[in-house]
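Comments concern the structure below.
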Amino acid sequence: MREYDTYIFDLDGTLLDTLTDLAASCNYALRTAGIPERTLDEVRLFVGNGVKLLMERATPGGLGNPHFEEVYETFRRHYLVHSLDTTRPYPGVIELLAELKRRDKRLAIVSNKFYDATQDLCRHFFSRYVEVAIGEREDIRKKPAPDTVIEALRQLGVTKERAVYIGDSDVDVATARNSELPCISVLWGFRSKDFLIAHGATTFVNCPQEILFE
């Protein structure tokens, strides 16, 4: 693994195991509207493009469902209260970030999770290490558009030279490509290695320690 100066991370499935809390809020919203709930494996496949698309995929008929906006708002309200119920960093993540920070690397997070939840989670878990955290907001295009990565680099005050993008999904592979950055795909997240290879991933790590340049 080569050494970089700037490390830009995805959040869900890369730094944090958020799946159980996302599924709980998803199913609470569906249940409240009288809609059948989804399995954990179904929710795993739905995540990656932001929570609105997660709920579109989980709700029969998606945006065409007359109850969709109600379901989506119920999800948002529930998740903001319950996003820390079971969510935790993956094993080795804190140690990785601490070591990168010790080496004076610049660290940022870009997520398709809505802005308030992204800020809350990053502040709770990573405030000692990560300088910039960008979530979904109306004035910036979501991943796989490069906009959040470009904004993170701008806020860090660095260029994309010697920067790397790290994520767990096909969306992340496309985001890195659209940002003209090398991509490291982690194998502990929400997508399998075969799935990632099929979507263009070429560099893989099995644990956070493998990201470090020794």
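Numbers for residues simply follow the sequence, beginning at 1.
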Give the intermediate values and the outcome of side-chain contact (heavy atoms from CB on, under 4.5 Å) for residues Leu153 and Ile8.
-> CA-CA 9 Å; Leu153 294 171; Ile8 300 177; 3.7 Å; yes
Residue pair Val132, Ile109: steps toward the side-chain contact (heavy atoms from CB on, under 4.5 Å) verdict | CA-CA 6 Å; Val132 172; Ile109 291 170; over 6 Å; no
Does Asp17 have any salt bridge (Lys or Arg N to Asp or Glu O under 4.0 Å) partners at least two apart in sequence or in another chain, and if so, which?
-> none
Axial cation check for [Y] ring with [X], 6.0 Å and 45° limits:
| X | Y | answer |
| --- | --- | --- |
| Arg191 | Phe195 | yes |
| Arg76 | Phe114 | yes |
| Lys193 | Phe204 | yes |

In terms of ring plane angle, is the pair Tyr7 and Tyr4 parallel, tilted or perpendicular, where the classes change at 30° and 60°?
-> perpendicular
Taking the side chain from [X] and the backbone from [Y], do they hold a donor-acceptor pair closer than 3.5 Å?
| X | Y | result |
| --- | --- | --- |
| Glu73 | Glu69 | no |
| Trp188 | Thr14 | yes |
| Arg57 | Phe46 | yes |
| Gln155 | Ala152 | no |
| Asp172 | Ser169 | yes |
| Lys101 | Arg128 | no |

Judged by modelled atom types alone, do Asp21 and Thr87 share a side-chain donor-acceptor pair under 3.5 Å?
-> yes
Tyr165-Lys160 side chain donor-acceptor pair, cut-off 3.5 Å = no
Inter-residue atom distance Leu15.CG - Tyr129.OH, 0.5 Å rounding = 12.0 Å
When rounded to the nearest 0.5 Å, the distance separating CD1 of Ile166 from SG of Cys183 is 8.5 Å
Let me know which of Asp120, Asp10, Asp12 forms a salt bridge (charged side-chain N to carboxylate O under 4.0 Å, His left out) with Lys113.
-> Asp12
Salt bridge flag under 4.0 Å for residues Glu99 and Arg103 | yes
With a 4.5 Å cut-off on side-chain heavy atoms, are [Y] and [X] touching?
| X | Y | answer |
| --- | --- | --- |
| Leu100 | Phe9 | yes |
| Asp116 | Gln119 | no |
| Val130 | Cys122 | no |
| Asp5 | Val158 | no |
| Gln209 | Leu96 | no |
| Asn27 | Arg38 | yes |
| Lys142 | Thr148 | no |
| Arg2 | Arg162 | yes |

Kindly check if the number of other-residue, nucleotide or ligand heavy atoms within 6.0 Å of OH (Tyr28) is above 12?
-> no
Can you give me every donor-acceptor pair (side chain of residues 59-67, partner residue at least two apart or in another chain, under 3.5 Å) with its distance?
from: Thr59; atom 1: OG1; to: Met55; atom 2: O; distance (Å): 2.7
from: Asn65; atom 1: OD1; to: His67; atom 2: N; distance (Å): 2.8
from: Asn65; atom 1: ND2; to: Pro60; atom 2: O; distance (Å): 2.8

